[in-house]
Peer 1: 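Take this structure, written in C-alpha cells, and hold onto it; I'll ask about it next.
Model, not experiment: these values are computed from the prediction.
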Amino acid sequence: MEKTWRWFGKKDPITLEMLKQIGVEGIVTALHDVPNGEIWTVERINDLKCYIESHGLRWSVVESLPVCEAIKYAGAERDRLIANYKVSLANLGKCGVKTVCYNFMPVIDWIRTDLQHPWADGTSSLYFDKIRFAYFDLKILQRVGAENDYLAEELEQVEALHRVITEDEKAELVDTIIVKTQGFVNGNIKEGDLNPVRIFKDLLALYEGIGRDALRENLRYFLNAIMPVCHEYGVNVCIHPDDPPFQVLGLPRIVTDEADIDWILNAVDDVHNGLTFCAGSLSAGVHNDTRLLARKFAKRTHFVHLRSTDALPGGNFIESSHLTGRGHVIDLVRVFERENPSVPMRVDHGRMMLGDEDKGYNPGYSFHGRMLALAQVEGIMAVVKDEMGRTV
C-alpha cells in the first residue's frame with residue numbers, strides 16, 4: 001500500500017519536509033480555503049499539486065471535496081451544486097489527481113466528546129462518552145423527541161450529570177462536538193461563529209422528514225450524476241463510513257455496516273463508485289467486524305484509513321493503539337496487501353504525545369502520535385510482505 005498522510009495545506013505546521021523525512025510517499029489534502037460548493041479551478045489544483053511534487057511527494061488523494069448539505073437533503077440548489085462538483089472532479093482528473101474521498105453524513109462529520117482523553121502513560125486520544133453526548137442532545141440542543149433515542153437508565157445518568165456539570169464543561173462540550181471537530185474539515189460551523197448551537201439546530205431542521213430511504217436516494221442521484229465525469233477523467237470517488245456508525249441526533253446515517261455499503265456499491269454498480277475503508281469508524285460499531293468487511297469490499301476500496309478503537313461499556317469508545325483494538329489493523333494489512341496492494345493508505349488519528357498538545361494541531365491529527373502509528377503500520381506492512389514472499 002502507498003503510505004500517505006493527511007496534510008492541511010501550506011499553513012499546516014507539519015511541513016512536507018517533515019513528512020518526507022518520516023517515509024511518507026503520498027499526500028492526502030484538499031483546497032481547504034475554497035468555500036463549499038464553489039469550483040476547484042485547474043489553476044488552484046495545479047498550484048498545490050506542483051508544490052507537493054516539488055518536495056518529492058505526490059498528491060495521492062483528495063480528502064475531501066465536500067458534498068454540500070443541499071445535495072444531501074435535495075434542496076433547491078442541488079443541481080447547481082452538483083454541476084459545480086462535476087467541474088471540480090473534471091479539473092482534478094485533468095490535473096492527474098484521481099482519487100476523491102467524500103462523506104454523505106448529514107450536518108455533522110465525526111463525533112467525539114473529549115479531544116484529549118488521558119492514558120496512563122501520559123498520552124491522550126479522542127474519546128466518545130455516550131452519556132455526555134446524550135447530555136448535549138437533551139440539555140443543550142434540547143432536540144424535540146430526543147428522549148426517545150435513549151434508554152431509561154441513560155436518561156437517569158443524564159439527569160445525574162445535569163446536577164453536577166459546570167458551565168465551562170457545557171461550553172467545552174459544545175466546542176468539542178460541533179466546532180473543533182467540524183470547522184477544519186470544511187464544516188458547517190467554524191471557530192469564531194456566534195451561537196454555534198443555534199446554527200447547528202437550524203441545520204438539523206433542514207433534515208426534518210428525511211429518513212434513511214430518502215437520504216439513500218439522494219446519494220444515488222448524486223452518484224448517477226457524477227459517474228460520467230468519473231469515467232471520462234478516470235476519477236475514483238470513495239465514500240467514507242459514518243463516524244460513529246450509528247444513528248445520532250435524529251439524523252439518518254447510511255454508511256454504517258455491511259448492508260449499507262452493499263447498497264451503495266450496488267445502487268451505482270461502477271468501479272469508479274467505491275469505498276474509503278476507515279477501520280476506526282467501522283470498528284466503533286460493535287456490530288461490525290472489520291476483517292470480514294475488508295475481505296468483502298477490498299476490490300471496491302479506493303482508499304484505506306488505518307486506525308483502531310476499543311469499545312467500552314455503555315456505548316463509549318476510545319481511539320486505541322494501531323496495534324490493538326477492534327480495528328484489527330494487522331489483519332487488514334494482510335487483506336489489502338493481498339487484494340489491493342496499490343491502494344493508498346494513511347494512518348488516521350494518532351495520540352497526542354511528546355508536546356503535540358501545544359502545537360495547535362487539528363484534533364486527532366498530531367505529529368508525533370501519527371508518526372508512531374506510521375512506524376507501527378510500516379512494520380506491519382514489512383512483516384506481511386515477508387509472509388507473502390514479496391520484496392520489502
Side-chain angles (χ1 to χ4, degrees), residues 105-120 123-183 187-189 195-201 203-204 207 241-253 255-257 278 280-288 307-321 324-327 349 351-352 363-364:
M105 290 178 257
V107 181
I108 191 167
D109 202 308
W110 55 287
I111 302 172
R112 301 293 186 274
T113 57
D114 189 344
L115 302 181
Q116 293 192 28
H117 190 80
W119 286 58
T123 64
S124 66
S125 65
L126 305 173
Y127 186 83
F128 178 85
D129 184 308
K130 187 175 182 182
I131 299 306
R132 285 189 170 265
F133 182 75
Y135 183 91
F136 168 80
D137 191 8
L138 289 155
K139 300 297 186 180
I140 296 176
L141 278 187
Q142 299 180 348
R143 180 172 62 89
V144 176
E147 63 278 2
N148 298 320
D149 293 346
Y150 301 99
L151 301 173
E153 57 264 34
E154 292 171 339
L155 296 175
E156 291 175 3
Q157 291 177 68
V158 168
E159 290 302 324
L161 176 60
H162 186 53
R163 291 191 288 271
V164 298
I165 193 169
T166 67
E167 292 302 316
D168 285 346
E169 288 176 314
K170 294 178 190 178
E172 184 176 1
L173 205 53
V174 170
D175 196 45
T176 296
I177 294 173
I178 61 174
V179 180
K180 280 194 167 66
T181 57
Q182 308 302 313
N188 296 305
I189 299 172
N195 200 346
V197 172
R198 170 47 55 195
I199 297 172
F200 192 72
K201 292 178 76 169
L203 289 165
L204 291 178
Y207 287 86
D242 299 331
D243 185 8
F246 44 78
Q247 312 309 303
V248 294
L249 302 173
L251 295 166
R253 296 270 210 168
V255 199
T256 65
D257 57 16
C278 181
S281 298
L282 292 167
S283 67
V286 294
H287 53 285
N288 288 324
R307 65 179 172 89
S308 189
T309 61
D310 278 324
L312 305 172
N316 302 343
F317 63 86
I318 190 169
E319 309 265 355
S320 71
S321 162
T324 62
R326 302 191 69 257
H349 293 184
R351 280 187 272 176
M352 289 287 188

Peer 1: Please tell me if the side chains of H349 and W110 come closer than 4.5 Å, counting only heavy atoms from C-beta onward.
Peer 2: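 Yes, side chains in contact.
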Peer 1: Short question: side chain of T113, backbone of D129 - any donor-acceptor pair under 3.5 Å?
Peer 2: yes
Peer 1: Determine whether T309 and F128 make a side-chain contact, defined as any pair of heavy atoms from C-beta on separated by less than 4.5 Å.
Peer 2: no
Peer 1: With side-chain contact (heavy atoms from CB on, under 4.5 Å) as the test, would you mind laying out the steps for V158 and Y150 before giving the verdict?
Peer 2: CA-CA 10 Å; V158 168; Y150 301 99; over 6 Å; no
Peer 1: Would you check if Y135 and K170 make a side-chain contact, meaning some heavy-atom pair closer than 4.5 Å?
Peer 2: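 Side chain of Y135 against side chain of K170, heavy atoms only: contact under 4.5 Å found.
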Peer 1: Checking side chain to side chain contact (heavy atoms under 4.5 Å, CB included) between R307 and each of S125, S320, S321, S281, which is the one that passes?
Peer 2: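 Exactly one candidate clears the test, S281.
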Peer 1: After noting the C-alpha distance and the side-chain angles of R132 and N316, does the key distance pass the side-chain contact (heavy atoms from CB on, under 4.5 Å) rule?
Peer 2: CA-CA 10 Å; R132 285 189 170 265; N316 302 343; over 6 Å; no
Peer 1: Sub-3.5 Å donor-acceptor pair from the side chain of N288 to the main-chain atoms of S283, do we have one?
Peer 2: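 Judged by distance alone, no pair lies under 3.5 Å.
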Peer 1: Are K130 and D137 within salt-bridge range, i.e. N to O under 4.0 Å?
Peer 2: no
Peer 1: Would you name the heavy atoms of V179 and P196 that are closest together and state the gap between them?
Peer 2: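 It is CG2-CB, 4.0 Å.
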Peer 1: Would you find a donor on one side and an acceptor on the other, under 3.5 Å apart, between the side chain of H287 and the backbone of F246?
Peer 2: no
Peer 1: Please tell me if the side chains of D242 and V248 come closer than 4.5 Å, counting only heavy atoms from C-beta onward.
Peer 2: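 SC-SC contact between D242 and V248 ruled out.
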Peer 1: Just verifying a value: how many Å separate F200 CZ and I140 CD1, rounded to the nearest 0.5 Å?
Peer 2: 11.5 Å
Peer 1: Look at the aromatic rings of H117 and Y127 and report parallel, tilted or perpendicular, splitting at 30° and 60°.
Peer 2: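 H117 and Y127: parallel rings.
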Peer 1: I'd like to know whether CD of E154 has more than 12 heavy-atom contacts from other residues, nucleotides or ligands below 6.0 angstrom.
Peer 2: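 Yes - once you tally the heavy atoms of other residues, nucleotides and ligands closer than 6.0 Å, there are more than 12.
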Peer 1: Looking only at non-hydrogen atoms, find the nearest pair between A311 and F317 and report the distance.
Peer 2: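 Where A311 meets F317 most closely, the heavy atoms are CA-CB, 4.3 Å.
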Peer 1: Shortest non-hydrogen contact from I177 to R112?
Peer 2: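 Residues I177 and R112, closest heavy atoms: CG1-O, 3.4 Å.
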Peer 1: Looking only at atom types and distance, does a side-chain atom of R326 sit under 3.5 Å from a main-chain N or O of L282, one as donor and one as acceptor?
Peer 2: no
Peer 1: Decide yes or no for T176 and D114: does some side-chain heavy atom of the first lie under 4.5 Å from some side-chain heavy atom of the second?
Peer 2: no
Peer 1: Please check: side-chain N/O of D149 versus main-chain N/O of L249, any donor-acceptor pairing under 3.5 Å?
Peer 2: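 No, D149 side chain to L249 backbone: no donor-acceptor pair under 3.5 Å.
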Peer 1: Can you find a pair of side-chain heavy atoms, one from D109 and one from D243, that are under 4.5 Å apart?
Peer 2: no
Peer 1: Would you say the side chain of I199 lies within less than 4.5 Å of the side chain of L203, judging by non-hydrogen atoms?
Peer 2: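 When only atoms from C-beta onward are counted, I199 and L203 do touch, with a gap below 4.5 Å.
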Peer 1: Just so I know, are the side chains of I318 and L126 near enough to count as touching, which here means a heavy-atom distance under 4.5 Å?
Peer 2: no
